[in-house]
Undergrad: 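Below is one structure. I have some questions about it.
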Amino acid sequence: MVQRGEGEARYGIVGHPVDHSRSPTIHRLFARQAGVEISYELIDAPPESLETAIRGFAAAGGKGLNITVPHKEAALDLCDTVGEAAKLAGAANTLSLREGGTIRGDNTDGIGLIRDLQENRGLTVAGARILVLGAGGAARGIIGPLLAENPAELRLANRSRERADTLAAKWDSVVACTFAELADEAPFDLVFNATSAGLKGEAPPFPTNVVGSNSTAYDLVYSLKDTPFVTWAKAAGSRRAVQGWGMLVEQAAESFEIWHGNRPNTRAILTQLLGPRWNR
Ligand code: NDP
């Protein structure tokens, strides 16, 4: 049972599972910074209950929802109006619940990643050879914004070839393949893990040749210890292997700005969550 104070506006995140999400902590810290009162709830809904969960939250006065695994694509179908990034991605991670029951969908994953790469980590996407592993909701959100930065190449690899082909077909320049088809590739400059591979304890199924001594491996997944992908990338010889905490906080900041019109100080929050060396 969530305790709410009077005057608090209700926000939340819908996923399945969702109990791992750090979004409640991050949004509460943003709200404290901005001096606004909110509640932010975890809502676990399997795919068959997604629409009921969203519409029920709106009917009960909820103002906004973040959407996470595995609902980002399905959530877009429930939106009455859609922002450019969500339209391009075919997936929404931020819903604004409006008077009269209408829903606006946005996608802040891509801009959150780009901000983390460029502003927090000083990484350059322009001219880089990029590999995106995964073709789910997160991959959908980041490919368009990565391409907008003019990389030399963007390769998309996924376990299911069909899903990779469908996603790659949205852009002329993106080539899709399976993980096995990467076996003869030279190391990429930037390798993004946008899969859930390894989270059940198995070794990530990617060929080790895709990273090398000049590669940066970026795991969209985040944890307080090394993630399976970070462990894999370090063992495979990657120069640098980092987790998606910065993306998480930056995409949340974009959502917060959409809802409250106020841009949080993300570096202060990252330092508060992870300590002063969070972007090493
Ligand atoms: P989806 O459920 O939409 O997609 C999952 C992806 O992982 C698919 O490409 C799927 O492949 C692949 N996959 C799942 N299990 C395996 C496996 N055992 N081996 C190989 N591939 C596998 O999830 P999302 O795209 O929404 O999220 C992916 C990850 O990114 C999540 O862990 C999420 O927490 C993280 N994320 C982090 C963000 C951040 O801000 N840091 C933002 C968004 C997501 P297939 O198509 O073959 O099923």
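Numbers here simply count residues along the sequence, with the first being 1. We count ligands from 1, going down the list as the structure has it; atoms in each ligand are counted the same way.
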Undergrad: Regarding ligand 1, does Val221 bring an N or O atom to under 3.5 Å of one of the ligand's N or O atoms?
TA: no
Undergrad: Using a 3.5 Å cut-off on N or O atoms only, is Lys72 in polar contact with ligand 1?
TA: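 N/O-N/O distance under 3.5 Å: no.
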Undergrad: With a 4.0 Å cut-off, would you call Glu37 and Lys63 a salt bridge?
TA: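 Between Lys63 and Glu37 there is no salt bridge, as every charged N stays at least 4.0 Å from the carboxylate O atoms.
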Undergrad: Between the side chain of Ser238 and the main-chain N/O of Ala233, is any donor-acceptor distance below 3.5 Å?
TA: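 Pair absent, no side-chain N/O of Ser238 close to backbone of Ala233.
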Undergrad: What about Phe179: any of its N or O atoms under 3.5 Å from an N or O on ligand 1?
TA: no
Undergrad: Check this for me: does any side-chain nitrogen of one of Arg10 and Glu8 sit under 4.0 Å from a carboxylate oxygen of the other?
TA: no
Undergrad: With respect to Gly134, determine whether any N or O atom, backbone or side chain, lies less than 3.5 Å from an N or O atom of ligand 1.
TA: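 Between Gly134 and ligand 1 (N or O atoms, distance only) the closest approach is not under 3.5 Å.
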Undergrad: For Pro70, is at least one N or O under 3.5 Å away from an N or O on ligand 1?
TA: no
Undergrad: Please check if any side-chain donor atom of Asn66 sits under 3.5 Å from a side-chain acceptor atom of Asn93, or the reverse.
TA: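 Result is no, nothing qualifies.
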Undergrad: Is Ser196 close to ligand 1, meaning an N/O of one under 3.5 Å from an N/O of the other?
TA: yes
Undergrad: Is there at least one pair of N or O atoms, one from Leu220 and one from ligand 1, spaced under 3.5 Å apart?
TA: yes
Undergrad: Measure the acute angle between the ring planes of His16 and His71, then classify it against the limits of 30° and 60° as parallel, tilted or perpendicular.
TA: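 Parallel: the ring planes of His16 and His71 meet at under 30°.
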Undergrad: Answer with yes or no after comparing the ring centroid distance for His260 and Tyr11 against a 6.0 Å cut-off, counting only values under it.
TA: yes
Undergrad: Has ligand 1 got any nitrogen or oxygen that is less than 3.5 angstrom from a nitrogen or oxygen of Asn158?
TA: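 Between Asn158 and ligand 1 (N or O atoms, distance only) the closest approach is under 3.5 Å.
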Undergrad: Just to be sure I'm reading this right: ignoring hydrogens, which of Ala164, Gly137, Ala194 gets closest to atom 3 (O) of ligand 1? Compare them by their nearest heavy atoms.
TA: Gly137
Undergrad: Ligand 1 and Asp109, any nitrogen or oxygen pair closer than 3.5 angstrom?
TA: no
Undergrad: Under 3.5 Å, N or O to N or O, is Gln251 touching ligand 1 that way?
TA: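 Min N/O separation from ligand 1 is not below 3.5 Å for Gln251.
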